[in-house]
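Lettering follows sequence order; numbering is per chain, from 1.
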Amino acid sequence: MLPDLFSFERRRVDLGPGAAILGGFALDQADALLEQIERLSLLAPFRHMQTPGGRRMSVAMLNAGSLGWVSDLSGYRYERTDPQTGWNWPPIPPVFLELASQAAQTLGFEAFVPDACLINRYAPGTRLSLHQDRDEQDHHAPIISVSLGLPATFLWGGLERRDRTTRYRLTHGDVAVWGGPSRLMFHGISELKDGVHPLTGALRYNLTFRKTR
DNA sequence: TAGTGTCT
DNA sequence: AATC
């Protein structure tokens with residue numbers, strides 16, 4: 001039996017029930033994903049949202065889908081239109097939907113059809129503090145998170161804020177999935193370190209797919 | 001409601 | 001790490 005030089009075992013990190021990091025799961029689609037991010041940013045520009053407490057989020061965001069996650073002084077919620085333009089959020093590109101569905105299926109979540117895709121853009125020095133994704137009505141569907149560009153440290157906590165966190169490195173093409181008993185786990189991203197990625201320069205992008213209802 | 005941030 |  002000759003060794004197969006053209007395939008390799010991809011890293012898979014178990015995060016608990018219904019949750020895992022799928023190493024390099026999006027590598028083949030990464031170019032297409034970045035191309036779509038570029039296109040979407042012309043329709044719904046990246047912006048820094050405000051927290052209900054009046055702080056500016058360091059991470060820049062935009063949405064695709066029939067609903068988009070929005071934060072301002074009034075709170076966190078999903079909106080059909082971009083508050084900045086009054087237009088509908090652009091549709092989720094088919095290449096996004098296909099990837100999200102495949103990643104969900106890998107963890108056993110069948111027929112995952114997200115209605116929201118939040119796109120986060122991290123520059124060096126930016127971060128996303130530990131939080132839960134709990135603004136969705138539907139907590140049965142999983143969360144799918146795709147990493148592109150610069151590597152980051154993923155904080156993976158528990159179901160309560162005080163629970164200890166574990167740190168995992170997320171690199172270009174990794175996909176994290178959490179659903180079922182892990183759906184409301186606290187998570188976050190540590191301050192992004194300086195660096196240069198051949199495809200994104202000094203940036204990291206993250207796609208988060210949610211089924212809000 | 002709000003802590004997806006900031007301070008100690 | 002702990003706090004609000």
S.K.: Mind checking if R162(A) touches a base, just sugar-phosphate, or nothing, with heavy atoms under 4.0 Å?
M.R.: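 R162(A): no heavy atom of the nucleic acid under 4.0 Å.
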S.K.: Could you tell me the separation between the CE atom of M61(A) and the C1' atom of dG5(B), rounded to a whole number of Å?
M.R.: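 Distance check: M61(A) CE to dG5(B) C1' gives 12 Å.
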S.K.: Using whole Å, report how far CG of L128(A) lies from P of dT6(B).
M.R.: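 Atom-to-atom, L128(A) to dT6(B), this comes out as 11 Å.
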S.K.: I'd like a list of close polar pairs between nucleotides 1-3 of chain B and the protein, N/O only, cut-off under 3.5 Å.
M.R.:
{"from": "dG3(B)", "atom 1": "N2", "to": "R161(A)", "atom 2": "NE", "distance (Å)": "3.3"}

S.K.: Round to the nearest Å and state the distance from D163(A) atom CG to dA1(C) atom P.
M.R.: 13 Å
S.K.: Enumerate the residues from residues 141-152 of chain A whose closest heavy atom to DNA chain B is under 4.0 Å, giving them by residue number; use none for an empty result.
M.R.: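 None, since no heavy atom is under 4.0 Å.
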S.K.: Please collect all salt bridge (charged side-chain N to carboxylate O under 4.0 Å, His left out) contacts where either partner lies in residues 104-131 of chain A, sequence neighbours excluded, each pair once.
M.R.: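 Counting only pairs at least two positions apart or across chains, no salt bridge (charged side-chain N to carboxylate O under 4.0 Å, His left out) contact touches residues 104-131 of chain A.
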S.K.: Salt bridge (charged side-chain N to carboxylate O under 4.0 Å, His left out): which pairs involve residues 15-24 of chain A, sequence neighbours left out?
M.R.: none
S.K.: Who are the side chain to side chain donor-acceptor pair (under 3.5 Å) partners of R169(A), not counting sequence neighbours?
M.R.: none
S.K.: Take the protein atom CD of Q132(A) and the nucleotide atom C1' of dG5(B), then report the distance between them rounded to whole Å.
M.R.: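 Between C1' of dG5(B) and CD of Q132(A): 16 Å.
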S.K.: At 4.0 Å (heavy atoms only), tell me whether M49(A) reaches a base, stays on the sugar-phosphate, or touches nothing.
M.R.: nothing
S.K.: Specify the separation, in whole Å, of atom CZ of F186(A) and atom P of dA2(C).
M.R.: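 After rounding, the reported distance stands at 15 Å.
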S.K.: Hey, are the side chains of R56(A) and T51(A) touching, using non-hydrogen atoms and a 4.5 Å cut-off?
M.R.: no
S.K.: Looking only at non-hydrogen atoms, find the nearest pair between L192(A) and A152(A) and report the distance.
M.R.: CD1-CB, 3.8 Å
S.K.: Going by the ring-ring contact (aromatic ring centres under 6.0 Å, His included) test, which pairs reach into residues 99-134 of chain A, not counting sequence neighbours?
M.R.: H131(A)-H187(A)
S.K.: Which pairs pass side chain to side chain donor-acceptor pair (under 3.5 Å) with one or both residues in residues 88-100 of chain A, sequence neighbours excluded?
M.R.: E98(A)-Q102(A)
S.K.: Sticking with atom P, work out how far dT1(B) lies from dT3(C), rounded to a whole angstrom.
M.R.: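 One P to the other, the span is 25 Å.
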S.K.: Between R127(A) (CZ) and dC7(B) (P), how many Å, whole number?
M.R.: 11 Å
S.K.: With E79(A), which residues qualify under side chain to side chain donor-acceptor pair (under 3.5 Å), at least two apart?
M.R.: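 In terms of side chain to side chain donor-acceptor pair (under 3.5 Å), with neighbours along the sequence ignored, E79(A) is linked to R77(A).
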S.K.: Which atom pairs, donor and acceptor, lie under 3.5 Å between side-chain atoms of residues 20-38 of chain A and protein residues at least two apart or in another chain?
M.R.:
{"from": "Q36(A)", "atom 1": "OE1", "to": "R39(A)", "atom 2": "NE", "distance (Å)": "2.9"}
{"from": "Q36(A)", "atom 1": "OE1", "to": "R39(A)", "atom 2": "NH2", "distance (Å)": "2.8"}

S.K.: If pairs are Watson-Crick or G-U with both distances under 3.5 Å, what is the dot-bracket string of DNA chain B, marking crossing pairs with [ ] and pairs to another strand with |?
M.R.: ....|..|
S.K.: Return the set of residues passing ring pair (Phe, Tyr, Trp, His ring centres under 6.0 Å) with H197(A) (not counting sequence neighbours), or none when no residue passes.
M.R.: H172(A)
S.K.: Sequence neighbours left out, what passes ring pair (Phe, Tyr, Trp, His ring centres under 6.0 Å) with W156(A)? Give chain and number order.
M.R.: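 Here the qualifying residues are F154(A), W178(A).
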